[in-house]
Enquirer: 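Have a look at this one.
Both counts, for ligands and for their atoms, begin at 1 and track the order of listing. Values reported hereafter were calculated over all heavy atoms of this structure, with side chains retained and with hydrogens, waters and symmetry mates removed.
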Amino acid sequence: MSFLDRLKNEILIADGAMGTLLYSYGTDSCFEELNVSHPNDILKIHEAYIAAGSDIIQTNTYAANYLKLQRYGLEESVKEINSAAVKIAKQAAENKAYILGTMGGNRGVNPKAISIDEIKRSFREQLYCLLLEGVDGILLETFYDLDEIETVLAIARKETNLPIIAQVSIHEPGIMQNQMPINEAFERLEALGADIVGLNCRLGPHHMIKSLEEAQIPKKAFLSAFPNASLPTYTDGKFHYEGDADYFKKSAQAFREQGVRLLGGCCGTTPDLIHSFAEELKGTKPVTEKTVRIQRVSSIPIEHSPIERNNTPLQTIASVRPSVIVELDPPRKLNTTRFFEGARALKEAGIDAITLADNSLASPRIENSALAYLTKTQVGLRPLVHITCRDRNMIGLQSHLMGLHTLGLNDVLAITGDPARVGDFPGASSVYDVSSFELIQMIKQFNEGLSISGKDLGQKGDFSIAAAFNPNVRSVEKAVQRLEKKIKYGADYFITQPVYSEEKLIEVHEATKHLDTPIYIGLMPLTSSKNAEFLHNEVPGIKISDSIRNTMAALQDDPIQSAREGIAITKSLIDAASELFNGIYLITPFLRYELTVELAQYANENSSVLGRKQNV
Ligand SMILES: Cc1cc2nc3c(=O)[nH]c(=O)nc-3n(C[C@H](O)[C@H](O)[C@H](O)COP(=O)(O)OP(=O)(O)OC[C@H]3O[C@@H](n4cnc5c(N)ncnc54)[C@H](O)[C@@H]3O)c2cc1C
Ligand code: MET
Ligand SMILES: [Zn+2]
């Protein structure tokens, strides 16, 4: 009899964790590869679950698809690993248990990180391997993204008549990542042909039962639940789950009352915990009726930000008139006097904004949003905050954006960030949870009132997003391709690395003139020959022409003359740049704001002489 037939009249017990069990034994590499290299270890785990009372076991194939195996260079081994997994499960089951071919979700917190086409390809390959080897059913588990599970479920339903279990995972009780109540998600999965729908992973029994209280017993499909053992803790460099056999025993009845017919375990569960489920429920009659807890009202409409922008976004300004912005970096020490003197002087010079680097060259500086807020409120000058992907993980980035929104700091530059090893704390980690493209996308999504994982933020952001453009590369064409990609991801305008020759200015103009997106062209006055040599030879992305380096070298580092020469070179570059670009981005070296004040005044006078200044 198929296990679906048995589920009509009795509750069945599935197995528990494979991955976390292997991890707790000390395996810290690819769990699925063990099917090939250590089949006996996997066999023993299956046997332990069957001995504990599992009617159904899962193949050790949760991540055995090429998208996940490629992390270990095993993308060519999909067939070998899946076939081995089914063989081991069959050896353990010996007709005492049914075998599910397990297939895990790939999309994590950022659903857009992997395309649906890629997911389809990877899913099909693994599915064929499992079907070919012969399983009793397919288990789709740990899908946070509804689009992903709907896509793969439709494929699986087309390819096989075997029972299919479709399980989603949720962060918040009762609600999918896209804010859909799980009841609705279950209905959709049932409509797509899932024989069993349910929840697995992430939540322990308490929150999973609470979630199921909001779900009806499906009309045709059966309900399943595979809770985690508990929330994880991180101790001595390892993740660890609690998990109490008595607590699991008590929870078993509550799962039954919610209409669950197939009960198993996910991360952190062990044969002991599964034994508790089995002792309590194995073979008992399922409930067919229950009272569903009132569904929460589906989400409140997302409001517009109450903190109104009282200025015109820089991309609008730079698309209609000349505009000067100046980078004035937060100090490396705690004294802020010079910084604010500089900000005030630059305001007097009539610039549109100052930009504040985010620990540039990977060395700590006063946190830029603190100074940005004070610049806005005390100096009355628009601050533009740089945000790198280096120092904050996704949680930190999201919370940083929420903070900037709350402070009304709406102008940001989304960049990768120089790697930690170039800076003062070389041992620090460079986070890079997201790329600059994904950061741009994350901020764009924030403007829709959604977090990167799709959660409703209650309000829409109002960020105007600058992105970086580095024209100082061998192939400007390639750099322009990155720029176009950044536009696709949502960049509103660009700010470039400093440019040191007229030829480069013309090259950049030629390469980008097909685009409507405004560009602020970077110019930084040199202060000495040593400064020029350092920038040219050691700062990633900066190249200075030979003629400028020779001119600076001839001044033998005389500080006054060198600074004058630096100013003169920059002024002639401003002349050339103003003919080609509306946006000028001046970079203040070493908080020497006198230099950028003089240059900003020059650029502004220049543009009014040219008669192009309009009021925006
Ligand atoms: C205006 C501006 C402001 C900056 N502010 C800061 C700051 O506040 N803090 C800080 O730490 N850093 C800052 N940087 C430095 C910047 O983060 C580094 O230059 C970084 O390596 C590139 O960032 P990105 O966002 O331009 O890169 P991305 O375009 O995201 O590029 C990321 C990676 O791809 C590589 N790459 C880029 N273009 C090409 C190409 N054409 N061919 C091959 N590979 C390529 C890059 O080397 C880099 O490793 C700033 C740069 C600019 C232009
Ligand atoms: C990460 S959730 C899925 C886990 C999988 N069933 C295992 O136990 O390895
Ligand atoms: Zn899990």
Side-chain angles (χ1 to χ4, degrees), residues 14-23 31-32 42 45 49 57-64 68 100 102-105 108 139-144 167 169 199-204 226-229 232 241 264-270 325 327 329-330 355-365 368 384-391 412-420 422-423 430 432 434-440 466-483 485-486 489 491 494-499 519-522 524 539-542 585 587:
D15 59 1
M18 173 66 80
T20 40
L21 209 58
L22 289 165
Y23 177 74
F31 301 137
E32 287 74 12
I42 308 302
I45 293 176
Y49 278 120
I57 58 168
Q58 312 166 42
T59 53
N60 179 33
T61 52
Y62 168 73
K68 286 195 171 145
L100 298 177
T102 293
M103 306 178 74
L139 171 63
L140 309 177
E141 64 166 351
T142 329
F143 284 80
Y144 285 93
Q167 287 182 162
S169 301
L199 295 174
N200 80 289
C201 206
R202 171 73 198 189
L203 309 177
F226 288 39
N228 280 357
Y241 288 83
C266 206
C267 297
T269 54
T270 55
I325 59 175
E327 178 169 330
D329 287 336
T355 91
L356 296 96
D358 185 7
N359 303 325
S360 53
L361 292 175
S363 293
R365 293 168 179 270
N368 59 1
L384 187 160
V385 177
H386 300 200
I387 309 175
T388 69
C389 306
R390 179 197 55 232
D391 300 337
V412 292
L413 167 67
I415 39 179
T416 302
D418 300 312
V422 309
S430 301
Y432 301 139
V434 292
S435 66
S436 59
F437 301 117
E438 290 162 329
L439 178 59
I440 293 167
F469 174 45
N470 182 8
N472 300 313
V473 286
R474 224 175 291 149
S475 158
V476 171
E477 203 179 293
K478 270 209 186 124
V480 172
Q481 281 168 9
R482 286 184 81 78
L483 180 142
K485 190 166 165 193
K486 287 180 181 177
Y489 276 78
F494 289 93
I495 307 183
T496 80
Q497 289 280 23
V499 171
I519 294 179
Y520 279 88
I521 198 87
M524 175 160 76
V539 177
I542 297 189
Y585 160 62
I587 301 151

Enquirer: Provide the number and element of each atom of ligand 1 under 4.0 Å from a heavy atom of Gly417.
Expert: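 In order of numbering, the contacting atoms are 10 (C), 11 (O), 12 (N), 17 (O).
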Enquirer: Do Tyr520 and Leu413 have side chains that approach each other closer than 4.5 Å (heavy atoms only, starting at C-beta)?
Expert: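 No. Closest side-chain heavy atoms not under 4.5 Å.
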Enquirer: Strictly under 4.0 Å, does any heavy atom of Glu327 approach an atom of ligand 1?
Expert: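 No, that is not the case, since the closest heavy atom of the residue is not under 4.0 Å from the ligand.
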Enquirer: To the nearest 0.5 Å, how far apart are NZ in Lys485 and CZ in Phe437?
Expert: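 That separation rounds to 4.5 Å.
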Enquirer: Give yes or no for whether the N/O distance cutoff of 3.5 Å, strictly under, is met between Lys486 and ligand 1.
Expert: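 Yes - when backbone and side-chain N and O of Lys486 are compared with those of ligand 1, one distance drops under 3.5 Å.
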Enquirer: Taking the six-membered ring for Trp, are Phe31 and Tyr23 parallel (under 30°), tilted (30 to 60°) or perpendicular (over 60°)?
Expert: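 Phe31 and Tyr23: perpendicular rings.
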Enquirer: Does Phe437 come within less than 4.0 Å of ligand 1, judged by its heavy atoms?
Expert: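 No, Phe437 has no heavy atom closer than 4.0 Å to ligand 1.
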Enquirer: Is any side-chain heavy atom of Asn359 closer than 4.5 Å to a side-chain heavy atom of Thr388?
Expert: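 Heavy-atom side-chain distance check fails, nothing below 4.5 Å.
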Enquirer: With heavy atoms of Ser360 as the reference, note each atom of ligand 1 found under 4.0 Å away.
Expert: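 Counting from 1, the qualifying ligand atoms are 9 (N), 10 (C), 11 (O).
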Enquirer: Using a 4.5 Å cut-off on heavy atoms from C-beta on, say whether the side chain of Met18 contacts that of Ile42.
Expert: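 Heavy-atom side-chain distance check passes, below 4.5 Å.
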Enquirer: If the condition is salt bridge (Lys or Arg N to Asp or Glu O under 4.0 Å), which residues does Asp15 pass it with, not counting sequence neighbours?
Expert: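 So Asp15 forms no salt bridge (Lys or Arg N to Asp or Glu O under 4.0 Å) with any residue.
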Enquirer: Pick one of side chain, backbone, both or neither for how Gln497 approaches ligand 1, counting any non-hydrogen atom pair under 4.0 Å.
Expert: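 Both of them.
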Enquirer: Return yes if some donor-acceptor pair links the side-chain N/O of Ser363 with the main-chain N/O of Gly423 below 3.5 Å, else return no.
Expert: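 No, Ser363 side chain to Gly423 backbone: no donor-acceptor pair under 3.5 Å.
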Enquirer: Please list, in chain and residue-number order, the protein N/O/S atoms closer than 2.8 Å to the Zn ion (ligand 3).
Expert: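 Those protein N, O or S atoms (cut-off: under 2.8 Å from the Zn ion (ligand 3)) are Cys201 SG, Cys266 SG, Cys267 SG.
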Enquirer: Could you walk me through whether Glu32 and Lys68 pass side-chain contact (heavy atoms from CB on, under 4.5 Å), step by step?
Expert: CA-CA 10 Å; Glu32 287 74 12; Lys68 286 195 171 145; over 6 Å; no
Enquirer: Should one rank Thr416, Asn470, Val476, Asp418 by closest heavy-atom distance to atom 27 (O) of ligand 1, which comes out on top?
Expert: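 Result: the heavy atom closest to atom 27 (O) of ligand 1 is in Thr416.
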Enquirer: Would you mind reporting whether Ile415 and Leu439 have side-chain heavy atoms less than 4.5 Å apart?
Expert: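 Answer no - side chains too far apart.
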Enquirer: Could you list each N/O atom of ligand 2 together with any protein N/O atom closer than 3.5 Å, one pair per line with the distance?
Expert:
unit_1   : atom_1 : unit_2 : atom_2 : d
ligand 2 : 6 (N)  : Gln58  : OE1    : 3.3
ligand 2 : 6 (N)  : Glu141 : OE1    : 3.3
ligand 2 : 6 (N)  : Glu141 : OE2    : 2.6
ligand 2 : 8 (O)  : Met18  : N      : 2.7
ligand 2 : 8 (O)  : Gly19  : N      : 3.4
ligand 2 : 9 (O)  : Gly19  : N      : 2.7

Enquirer: Is there at least one pair of N or O atoms, one from Thr496 and one from ligand 1, spaced under 3.5 Å apart?
Expert: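 No, since none of the N or O atoms of Thr496 sits under 3.5 Å from an N or O of ligand 1.
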Enquirer: Under a 4.0 angstrom heavy-atom cut-off, which atoms of ligand 1 come close to Asn359?
Expert: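 Selected atoms, number and element: 11 (O).
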Enquirer: Do Pro419 and Arg390 have side chains that approach each other closer than 4.5 Å (heavy atoms only, starting at C-beta)?
Expert: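 Answer no - side chains too far apart.
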Enquirer: Taking side chain as C-beta onward, heavy atoms only, is Val385 less than 4.5 Å from Asp358?
Expert: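 SC-SC contact between Val385 and Asp358 ruled out.
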Enquirer: Suppose we screen for side-chain contact (heavy atoms from CB on, under 4.5 Å). Which residues come up paired with Thr355, at least two apart in sequence or across chains?
Expert: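 side-chain contact (heavy atoms from CB on, under 4.5 Å) check on Thr355 returns Ile325, Glu327, Leu384, His386, Tyr585.
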Enquirer: Show which atoms of ligand 1 fall inside a sub-4.0 Å distance from at least one heavy-atom site of Lys478.
Expert: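 Result: 41 (N).
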Enquirer: Does any part of the side chain of Lys478, heavy atoms only, come nearer than 4.5 Å to the side chain of Val473, both counted from C-beta?
Expert: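 Answer no - side chains too far apart.
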Enquirer: If you measure from atom 4 (C) of ligand 1 to every heavy atom of Ile415, Val422, Thr388, Thr355, which option wins on shortest distance?
Expert: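 The residue whose heavy atom sits nearest atom 4 (C) of ligand 1 is Ile415.
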Enquirer: Is the closest side-chain heavy-atom distance between Ser435 and Thr416 below 4.5 Å?
Expert: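 No; the side chains remain at least 4.5 Å from each other.
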Enquirer: Quick check on contacts: which atoms of ligand 1 are under 4.0 angstrom from a heavy atom of Ala357?
Expert: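 Those qualifying, in numeric order: 8 (O).
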Enquirer: Here's one to test your reading of the geometry: is the NZ or CZ of Lys486 within 45 degrees of the ring axis of Phe469 and under 6.0 Å from its centre?
Expert: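 Not satisfied by the 6.0 Å and 45° rule.
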Enquirer: I'd like to check which ligand 1 atoms, numbered from 1 as shown, lie under 4.0 Å from a non-hydrogen atom of Leu413.
Expert: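 Under 4.0 Å from Leu413, ligand 1 has these atoms: 1 (C), 2 (C), 3 (C).
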Enquirer: Using heavy atoms and a 4.0 Å limit, tell me yes or no: is Gln481 in contact with ligand 1?
Expert: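 No, Gln481 has no heavy atoms under 4.0 Å from ligand 1.
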Enquirer: Using side-chain contact (heavy atoms from CB on, under 4.5 Å), reason through Ser360 and Arg365 one step at a time and then give a plain yes or no.
Expert: CA-CA 8 Å; Ser360 53; Arg365 293 168 179 270; 3.4 Å; yes
